[in-house]
Structures are given as C-alpha cells and as structure tokens.
Enquirer: 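My questions will all concern the structure given below.
Remember, it's 1-based here, ligands and their atoms both numbered in the order they're listed. Computation of the quantities below employed the complete heavy-atom set of this structure, encompassing side-chain atoms and omitting hydrogens, waters and symmetry-equivalent molecules.
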Amino acid sequence: MPVATAVKANLERSSWIRRMFEDGRALKAEFGEENVYDFSLGNPDLEPPKAFLDALKDAVGSPEQGMHAYMPNAGFPSARAAMAEKISSEHGVAASAEDVILTVGAAGALNVVLKTVLNPGDEVVVIRPYFAEYGFYISNHGGVMRTVDAAPDFSLDPGAVAAALGPQTAAVIINTPNNPSGRVYDRPSLEKLAAVLTAHGQACGRAPYLILDEPYRDIVYDGLAAPPVIDAYPESIVVSSFSKTLSIPGERLGYVGVNPAIADKALLMAGLTMANRILGFVNAPALVQRAAAASWKARADVARYERRRTMLAGVLRIAQIEHAKPEGAFYLFCKVPEGGPASAGGRDVAFAMHLKGFHILAVPGEGFGYPGWFRLSYCVPERTIEDSAVAWAEAVRNWRSI
Ligand SMILES: Cc1ncc(COP(=O)(O)O)c(C=O)c1O
C-alpha cells in the first residue's frame with residue numbers, strides 16, 4: 001500500500017470534504033461560478049488591511065541584512081515581543097517575549113503544543129461540535145481525542161468537561177469564538193472551567209493544560225468582546241493566528257503563548273521551540289513575522305462579516321432553517337430541517353447532497369462530530385447570499401415534500 005494504514009483511515013474519514021470540494025468545482029465548471037452558492041469553505045475573502053500590506057512592503061524593501069535568513073526557532077525577538085504585548089492586552093496577564101513562539105498558523109501552533117505535551121495514549125478533551133482537524137492533530141502526536149458535548153445552546157458546559165477528565169487527561173482544547181457554532185464563551189463559564197481543571201489537578205496530581213484556540217477572537221458581533229481566558233488558569237496556553245483578523249490565511253502566521261505563571265515554563269518553552277523545529281516548520285515565515293509585528297493592531301473589515309451574517313440569517317429565516325445564535329467567527333451552524341428521505345447515512349450528509357441539486361454547497365455536521373446539523377461559511381460576497389435566497393427556499397420546500 002502506498003500510504004500508511006493511519007493515513008488511509010484519515011483519508012476515508014475526511015472523504016466527504018474532498019467530495020464536497022470536487023463536486024463544487026464540477027458544479028462551477030458546468031453552471032458558472034456566479035450560479036453556485038458555495039458556503040463550504042472558511043476561506044476569508046476580504047483583503048488584508050492597508051497597515052499590514054504597507055508593513056509587508058517595508059519588510060520586502062528593507063536594506064537590513066539577513067531578512068530572509070534562518071532565525072531562532074521561536075521567532076524574531078521583536079515579533080515575540082509584539083505578540084506578548086497582544087496576549088497581555090487580550091488576556092490580562094503580563095506576558096513577555098520569552099512566553100511566546102511564532103508558528104506556522106494556528107494549525108502549526110496546535111501541532112507544536114500537542115507534540116510537546118502528549119505522551120502516547122494521553123487524552124485530549126474537545127467540545128462537540130469541534131473543528132474537524134482536532135482529531136487528526138491529536139492522533140498525529142499519539143493522543144486520543146475524547147469528546148464532550150457543548151450545552152444545547154452551544155455554550156461551554158464545564159460540568160460536561162469535568163465528567164470527562166481522568167488520570168490520562170493531558171489537555172482540554174476550547175475554541176472561542178467557535179467554529180462551527182459561532183458561540184463566544186462567556187467569562188463565568190470560563191471561570192467555572194478553570195475551577196474544574198484546578199480541582200481535578202489537585203485531586204489527581206496532574207493539572208491538564210487548557211489549550212485555547214482563538215483565531216477568531218476579533219471577529220465578534222453586536223458589540224460583544226471575547227473575554228480574557230488564560231488569566232483564569234495558570235496551566236493555560238493560547239494558540240492563535242492572523243489568518244482571520246488580518247485576512248492572510250495563505251501567509252501562515254500564528255503563535256503560541258503560555259500563561260507567564262505556567263509550571264516548568266523554561267522546559268515547556270524549550271519543548272515548544274524544539275517541536276517547531278523538528279516538525280519541519282523550523283520557524284514561522286520571516287517577512288510576515290516582521291509585517292504582523294508592525295501591524296497586529298489593524299483588522300480586516302470585520303463589519304462586513306457582521307452584515308453578511310445578518311443577511312444570511314435573514315435568508316435562512318425565510319427558508320425556515322433554524323441555526324445557533326451567531327455571536328462570532330463567520331459560520332452559521334444550522335439544523336437539518338424536518339423531512340427528507342430515509343437514508344442509510346446521516347441526514348446531514350443527505351441534506352448537503354440535496355442542497356447540491358440547488359447549487360448550494362454546505363458542510364455536513366458529521367465532519368464536526370455533530371450529525372443532524374450543517375455548517376455554512378459566510379466568507380462569500382454579499383451577492384452570493386442575496387442570489388441564493390430562492391434556491392434555499394426551493395431546496396427546503398422540496399426536502400420537506402420528499
Ligand atoms: C478553530 C480553528 N482553529 C485553527 C484553525 C487553523 O487556522 P490557521 O489558518 O491559523 O492555521 C482554523 C482554521 O480555519 C480554525 O477554524
């Protein structure tokens with residue numbers, strides 16, 4: 001066999017993603033891009049802010065020697081210091097450059113953290129519905145994913161996390177603002193989670209790490225602000241990136257920051273830095289580190305996402321599709337409407353296939369460990385949302401009549 005058994009199993013597990021992507025391409029080739037309503041990918045379509053582009057030009061034009069050379073594996077000291085300032089302002093801690101490493105996106109950051117902290121068979125608790133890649137990342141490093149449910153309104157349920165903790169628990173990953181539910185966890189629930197983890201650590205002698213994955217921190221709506229998290233629990237690690245807030249996912253820049261009070265910090269930071277190297281990333285891309293260090297306070301035009309959210313929610317209301325309350329990120333997580341054919345597979349997969357007949361692309365909830373629901377990304381032009389309204393209404397009417 002040309003690929004390892006585990007890789008083959010992963011390919012099979014994620015085959016619906018490839019199928020969705022390939023079917024979408026085929027539909028666009030046959031009917032034209034403008035006649036296909038593709039809500040499948042969370043690929044930010046806004047341009048980066050001018051401050052970032054200017055800083056990037058400055059970095060490219062800099063006469064300084066060694067702009068494109070290797071650097072310390074943890075990143076440029078100036079970029080680490082800028083990220084420490086960012087983390088301190090967002091999380092109410094006094095982080096310094098030594099508490100941060102620059103990574104290849106949040107995806108790279110998560111792999112670096114898991115590589116550093118997991119022993120074979122260690123469990124990592126994640127909250128369902130979850131970002132589909134978590135399962136792959138955890139198994140990359142010999143861990144076992146253990147899922148617990150979010151509350152019915154998709155808020156954080158600290159009691160459910162408490163029930164899943166055991167001596168094998170190495171870490172808990174939370175993602176807020178959440179992909180796919182759009183939920184922003186509130187401070188009281190985060191404090192309860194911190195208390196649960198502290199009590200568990202005291203009782204069993206192993207305090208699990210809290211890994212906060214927050215690439216959508218700045219994409220929040222209705223005047224909401226994502227609360228600080230890592231100040232509530234010393235053994236916490238924040239992972240984030242500029243993919244969404246500066247709208248530069250292709251440039252692959254992220255970071256890991258640890259709570260300055262985390263236990264055995266020097267060893268942990270040495271481990272993270274080494275993992276960055278030996279996973280083959282070596283260091284985060286040099287020019288973009290410089291540019292983001294100079295422009296991290298800028299934002300892509302997040303207000304546009306908020307308008308799109310309201311537009312898409314309006315379209316779904318008319319089509320009578322229920323969805324979770326979207327407080328942040330750029331997804332609507334929706335319930336498969338009643339009706340539809342009896343099918344051997346999940347109803348969410350059947351509904352996504354049905355939607356394709358109306359040129360609408362959506363991702364079944366199965367991919368997020370949450371069958372019966374589906375995810376729509378509104379990183380699409382306003383026009384796509386407007387033009388899709390008739391197709392949505394027809395698709396649902398037709399589904400109910402089957
Ligand atoms: C919840 C979540 N975590 C991590 C990532 C990885 O982002 P990055 O592009 O920074 O690697 C994504 C990307 O969509 C995401 O949705």
Side-chain angles (χ1 to χ4, degrees), residues 14 17 20-21 39-46 48 52 75 79 83 86-87 100-115 124-138 140 145 147 150 154 156 171-185 210-220 226 229 237-257 275-276 279-281 284-285 288-289 291-292 296 300 305 324 326-333 363 365 367-370 375-380:
S14 63
I17 303 180
M20 199 56 69
F21 183 70
F39 298 102
S40 63
L41 272 188
N43 189 6
D45 66 322
L46 303 182
F52 170 78
M83 297 309 117
K86 180 176 190 293
I87 292 166
V100 179
I101 71 166
L102 277 294
T103 61
V104 177
L110 285 162
N111 275 282
V112 163
V113 173
L114 294 168
K115 168 93 182 156
V124 180
V125 175
V126 306
I127 296 172
R128 227 172 52 94
Y130 52 81
F131 176 49
E133 307 293 76
Y134 288 158
F136 300 119
Y137 298 166
I138 292 165
N140 277 348
M145 181 165 82
T147 62
F154 298 103
L156 179 62
V172 174
I173 301 180
I174 59 168
N175 166 225
T176 172
N178 190 266
N179 173 9
S181 74
R183 262 285 173 181
V184 177
Y185 296 162
L210 175 61
I211 303 173
L212 165 67
D213 178 23
E214 59 167 11
Y216 303 95
R217 166 169 277 274
D218 293 319
I219 305 183
V220 281
V229 179
I237 300 176
V238 55
V239 160
S240 192
S241 79
F242 295 95
S243 295
K244 324 290 173 180
T245 49
L246 288 181
S247 218
I248 54 166
E251 302 297 348
R252 312 304 306 132
L253 188 69
Y255 58 83
V256 177
N276 214 21
L279 283 171
F281 301 128
V288 193
Q289 278 194 51
W296 64 267
Y305 289 132
E327 297 174 317
F330 36 58
Y331 308 103
L332 279 179
F333 200 47
V363 182
F368 308 97
Y370 217 78
R375 190 195 76 176
L376 304 176
S377 157
Y378 44 91
C379 301
V380 294

Enquirer: Could you find the nearest protein heavy atom to atom 7 (O) of ligand 1 and give me its residue, atom name and distance?
Expert: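 Here the closest protein heavy atom is Ala106 CB, 3.9 Å.
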
Enquirer: Ring-plane angle category for Tyr255 and Phe242, please: parallel below 30°, perpendicular beyond 60°, tilted otherwise.
Expert: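 Tyr255 vs Phe242 ring planes: tilted.
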
Enquirer: State whether the shortest distance between N or O atoms of Ser241 and N or O atoms of ligand 1 falls below 3.5 angstrom.
Expert: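 Yes; at least one N/O pair falls below 3.5 Å.
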
Enquirer: Indicate the ring-plane relationship of Tyr216 and Tyr331, choosing parallel, tilted or perpendicular according to the 30° and 60° boundaries.
Expert: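 Rings of Tyr216 and Tyr331: perpendicular, over 60°.
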
Enquirer: Is the shortest distance from a heavy atom of Lys244 to ligand 1 less than 4.0 Å?
Expert: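 Yes; Lys244 lies near enough to ligand 1 that a heavy-atom distance drops under 4.0 Å.
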
Enquirer: Report the C-alpha separation of Phe281 and Val112 in whole Å, then their side-chain angles, then the decisive distance to 0.1 Å, and conclude whether the side-chain contact (heavy atoms from CB on, under 4.5 Å) test is met.
Expert: CA-CA 9 Å; Phe281 301 128; Val112 163; 4.1 Å; yes

Enquirer: Should Leu246 and Trp296 be marked as a side-chain contact (heavy atoms from CB on, under 4.5 Å) after you check the CA-CA gap, both sets of side-chain angles, and the distance that decides it?
Expert: CA-CA 8 Å; Leu246 288 181; Trp296 64 267; 5.6 Å; no

Enquirer: Should you measure from each heavy atom of Asn175, which atoms of ligand 1 turn up under 4.0 Å away?
Expert: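 So the answer, numbered in order with elements, is 1 (C).
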
Enquirer: Out of Ala132, Pro180, Ser243, whose heavy atom sits nearest atom 9 (O) of ligand 1?
Expert: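 Looking at heavy atoms only, Ser243 sits closest to atom 9 (O) of ligand 1.
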
Enquirer: Counting only heavy atoms not in Lys115 (residues, nucleotides, ligands), do more than 12 fall under 6.0 Å from its NZ?
Expert: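 Not more than 12 within 6.0 Å, no.
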
Enquirer: Provide the number and element of each atom of ligand 1 under 4.0 Å from a heavy atom of Gly105.
Expert: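 Those of ligand 1 that fall under 4.0 Å from Gly105 are 10 (O), 11 (O).
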
Enquirer: Check whether any N or O atom of Ala107, backbone or side chain, sits under 3.5 Å from an N or O atom of ligand 1, and answer yes or no.
Expert: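 Yes, there is a polar N/O contact under 3.5 Å.
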
Enquirer: Quick check on Tyr216 - does any of its heavy atoms sit under 4.0 Å from an atom of ligand 1?
Expert: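 True for this residue.
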
Enquirer: Tell me, which protein residue and heavy-atom name are nearest atom 12 (C) of ligand 1, and how many Å apart are they?
Expert: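 Scanning the protein heavy atoms, the shortest distance from atom 12 (C) of ligand 1 goes to Phe131 CZ, 3.4 Å.
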
Enquirer: Roughly how far apart are Ser241 OG and Leu102 CG, rounded to 0.5 Å?
Expert: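 If we round to the nearest 0.5 Å, Ser241:OG and Leu102:CG are 11.5 Å apart.
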
Enquirer: Heavy-atom contact under 4.0 Å between Pro215 and ligand 1?
Expert: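 Checking ligand 1 against Pro215, which is what was asked, there is a heavy-atom contact under 4.0 Å.
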
Enquirer: Search all heavy atoms of Thr176 against all heavy atoms of Arg183 and return the closest pair with its distance.
Expert: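 For Thr176 and Arg183, the tightest heavy-atom pair comes out as OG1-O, 4.0 Å.
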
Enquirer: Would a 4.5 Å heavy-atom cut-off, applied to side chains only, mark Leu212 and Ser240 as touching?
Expert: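 Side-chain contact under 4.5 Å: no.
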
Enquirer: Quick one: does Arg252 get an N or O within less than 3.5 Å of an N or O on ligand 1?
Expert: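 Indeed, backbone or side chain, Arg252 has an N or O that close.
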
Enquirer: When you measure from atom 2 (C) of ligand 1 to every protein heavy atom, which one gives the shortest distance, and what is it?
Expert: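 Residue, atom and distance for the closest contact: Asp213 OD2, 3.4 Å.
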
